[in-house]
Amino acid sequence: MQNRWLLIILVIALVMVSGCTDEQAEAEDTTEGQSEIQADEQNTEDASASAVEAVEHGVSMEFYGFKPDVLDINRGDTVTWRNNNKQKVYTLISNDELFENQEMKYGNLFYHVFENSGTYTFSIKDNPEMTMTVNVR
């Protein structure tokens, strides 16, 4: 009788532990890109004592536009675009030719580090209403 209770408790414990590892693996998958960016930010330091720490800014590409559609950032900051539209493949265009056109399927990410001050505009191929502006100080 004692062995049965021990076996039941052991089975319940194994089920609980296996459920936790699945959730942990899922969480690791969804934050993998963010962890890599954070590690890169920690490894890059500016020699200037007055330098501002680089920051990552996220932009969601959705059904009818970018969210946000205007960003004010500092030199050295990173902008990450993500296609959140399951029904559409977008082609991200840098109107200032900072990078080549980026075809992005659902869930795809694209990163760009802004090294120079200025105002930069972006759009989506075949969807001229989808535009955004990044102001770099």
With rounding to the nearest 0.5 angstrom, report the [atom1] to [atom2] distance, [X] to [Y].
X	Y	atom1	atom2	value
Met130	Asn85	CE	CG	8.0 Å
Asn83	Lys88	CG	NZ	10.0 Å
Gln102	Met61	CD	CE	10.0 Å
Ser60	Lys67	OG	NZ	7.0 Å
Phe114	His57	CZ	NE2	9.5 Å

Val134 and Phe99: same hydrophobic cluster, using ILVMFWY side-chain contacts below 4.5 Å?
yes

Mind checking whether Ile93 and Ile124 sit in one hydrophobic cluster, side chains of I, L, V, M, F, W, Y counted as touching below 4.5 Å?
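They do not share one cluster, since no chain of ILVMFWY contacts under 4.5 Å joins Ile93 to Ile124.
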
Any chance the rings of Phe122 and Phe66 have centres within less than 6.0 Å?
no

Validation row, ring centre Tyr111 to ring centre Trp81 under 6.0 Å:
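For Tyr111 and Trp81, the ring centres are not under 6.0 Å apart.
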
Going by atom types alone, do Thr78 and Glu56 pair a side-chain donor with an acceptor below 3.5 Å?
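No.
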
Apart from Val113 itself, members of its ILVMFWY cluster (side-chain separation under 4.5 Å) are none

From Asn95, Thr133, Thr131, residue fulfilling side-chain hydrogen bond (donor to acceptor under 3.5 Å, both in side chains) relative to Thr121
Asn95

